[in-house]
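Keep in mind that what you see is a predicted model, and the values were worked out from it rather than measured. Computation of the quantities below employed the complete heavy-atom set of this structure, encompassing side-chain atoms and omitting hydrogens, waters and symmetry-equivalent molecules.
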Amino acid sequence: MLDTAIFDRAKNNEEGAIAVLVRQFSPVIRAIAHSYFLYGGDEEDLYQLGLIGFYEAIQKFDREKNDDFAKFAKVCIHSKIIDAIKESNRKK
């Protein structure tokens, strides 16, 4: 369950709150990153891309439009990683 107070502080770029959310979602981000392959990169690169996607999810999430942050975050993480893979494949 998402703590709305922490989420609101993270949305306002409070580093401590962002760190708490990253710690909570790190296993999910790692699992998603582990399921992809990036040409010329490694799993840690994919994890970093997943973190960027997660941060973007925090900034873009609107509780009035969406009711489940975890699902929204997973979509954003997958999307960021897939975009990087597509970009990498274009450069081959």
Side-chain angles (χ1 to χ4, degrees):
M1 186 76 174
L2 182 65
D3 182 342
T4 57
I6 291 175
F7 180 80
D8 290 340
R9 291 178 19 221
K11 194 163 179 88
N12 290 320
N13 291 321
E14 187 178 309
E15 288 183 29
I18 293 170
V20 168
L21 290 179
V22 167
R23 272 194 305 277
Q24 288 177 347
F25 280 84
S26 187
V28 173
I29 299 168
R30 286 218 179 267
I32 293 170
H34 183 73
S35 66
Y36 288 99
F37 173 78
L38 177 65
Y39 181 77
D42 61 13
E43 193 170 321
E44 192 61 29
D45 294 328
L46 292 169
Y47 175 72
Q48 293 295 321
L49 288 164
L51 285 173
I52 294 168
F54 182 70
Y55 179 77
E56 290 174 356
I58 292 170
Q59 298 306 311
K60 293 177 182 177
F61 184 72
D62 183 354
R63 280 193 297 246
E64 293 178 11
K65 295 180 182 176
N66 302 297
D67 61 346
D68 190 348
F69 174 72
K71 286 181 184 177
F72 183 78
K74 288 176 186 177
V75 168
C76 291
I77 294 164
H78 280 283
S79 179
K80 182 57 93 174
I81 291 172
I82 289 169
D83 288 348
I85 291 169
K86 286 179 180 177
E87 179 66 26
S88 173
N89 288 338
R90 280 193 292 268
K91 292 180 179 181
K92 282 201 271 186

Discussion item. The criterion is side chain to side chain contact (heavy atoms under 4.5 Å, CB included); which residues satisfy it with Asp45, sequence neighbours excluded?
Written reply: Leu38, Asp42
Worksheet item: Between atom CZ of Phe7 and atom CD1 of Ile18, what is the distance when rounded to the nearest 0.5 Å?
Response: 10.5 Å
Practice prompt. Not counting sequence neighbours, which residues clear side chain to side chain contact (heavy atoms under 4.5 Å, CB included) with Phe37? List them please.
Written response: Tyr39
Discussion item. I'd like to check the salt bridge (charged side-chain N to carboxylate O under 4.0 Å, His left out) partners of Glu44; sequence neighbours left out, ordered by chain and number.
Written reply: Arg30
Item to complete: Output all residues satisfying side chain to side chain contact (heavy atoms under 4.5 Å, CB included) with Lys86, sequence neighbours left out; order by chain, then residue number.
Response: Ile82, Arg90
Discussion item. Checking Asn12 now: which residues fulfil side chain to side chain contact (heavy atoms under 4.5 Å, CB included) with it, not counting sequence neighbours?
Written reply: none
Practice prompt. Could you check if a side-chain atom of Leu49 sits within less than 4.5 angstrom of a side-chain atom of Leu46, using non-hydrogen atoms only?
Written response: yes
Just list the side-chain donor-acceptor pairs under 3.5 Å for residues 69-81, sequence neighbours left out, or say none.
unit_1, atom_1, unit_2, atom_2, d
His78, ND1, Tyr36, OH, 2.8
Lys80, NZ, Glu56, OE2, 3.1

Discussion item. With salt bridge (charged side-chain N to carboxylate O under 4.0 Å, His left out) as the rule and sequence neighbours excluded, what pairs involving residues 6-22 come up?
Written reply: Asp8-Arg63, Arg9-Glu14
Discussion item. Any heavy-atom pair between the side chains of Leu21 and Phe54 that's under 4.5 Å?
Written reply: yes
Discussion item. Under the criterion side-chain contact (heavy atoms from CB on, under 4.5 Å), I'd like the reasoning laid out for Gln59 against Tyr55: C-alpha separation, chi angles, the key distance, then a yes or no.
Written reply: CA-CA 6 Å; Gln59 298 306 311; Tyr55 179 77; 3.6 Å; yes
Item to complete: Quick one: pull up CD1 in Ile29 and CD1 in Ile52 and give me the separation to the nearest 0.5 Å.
Response: 11.0 Å
Worksheet entry | For Ser35, side-chain hydrogen bond (donor to acceptor under 3.5 Å, both in side chains) partners two or more places apart | none
